[in-house]
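Structure first, then comments.
All values below were derived from every heavy atom in this structure, side-chain atoms included, with hydrogens, water molecules and symmetry-related copies excluded. Being a predicted model, the structure only gives us computed values, none of them experimental. Numbering starts at 1 and runs along the sequence shown.
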Amino acid sequence: MLKFIMLTIGLLSSGMAMAVNDVLTVDRSVSGSFQSSFPNENNIQPDISDFKVLNSVLMSNEAGERWAL
């Protein structure tokens with residue numbers, strides 16, 4: 001019975017340690033006047049849309065995932 005309890009505690013604690021890398025943190029803001037690393041030689045622009053982005057927040061985690069809200 002003790003082995004079962006120890007195994008369960010070990011599995012739960014390892015799962016929590018792996019979940020720490022999934023935590024998203026807010027990245028510092030990027031000014032609007034930065035140069036893109038990818039040139040737009042064909043001057044490709046998006047189509048006009050029905051919505052407009054008013055605010056955005058860039059987030060990332062230690063695993064290298066990046067998200068935008």
Same cluster for L69 and V26 if Ile/Leu/Val/Met/Phe/Trp/Tyr side chains link at under 4.5 Å?
yes
To the nearest 0.5 angstrom, please state how far the CZ atom of R66 sits from the CG atom of L24.
11.0 Å
All N/O donor-acceptor pairs, side-chain side in residues 41-48, below 3.5 Å, sequence neighbours left out:
unit_1	atom_1	unit_2	atom_2	d
N43	OD1	Q45	NE2	3.1

I'd like to know if the side chain of T25 and the backbone of S60 have a donor-acceptor N/O pair within less than 3.5 Å.
yes
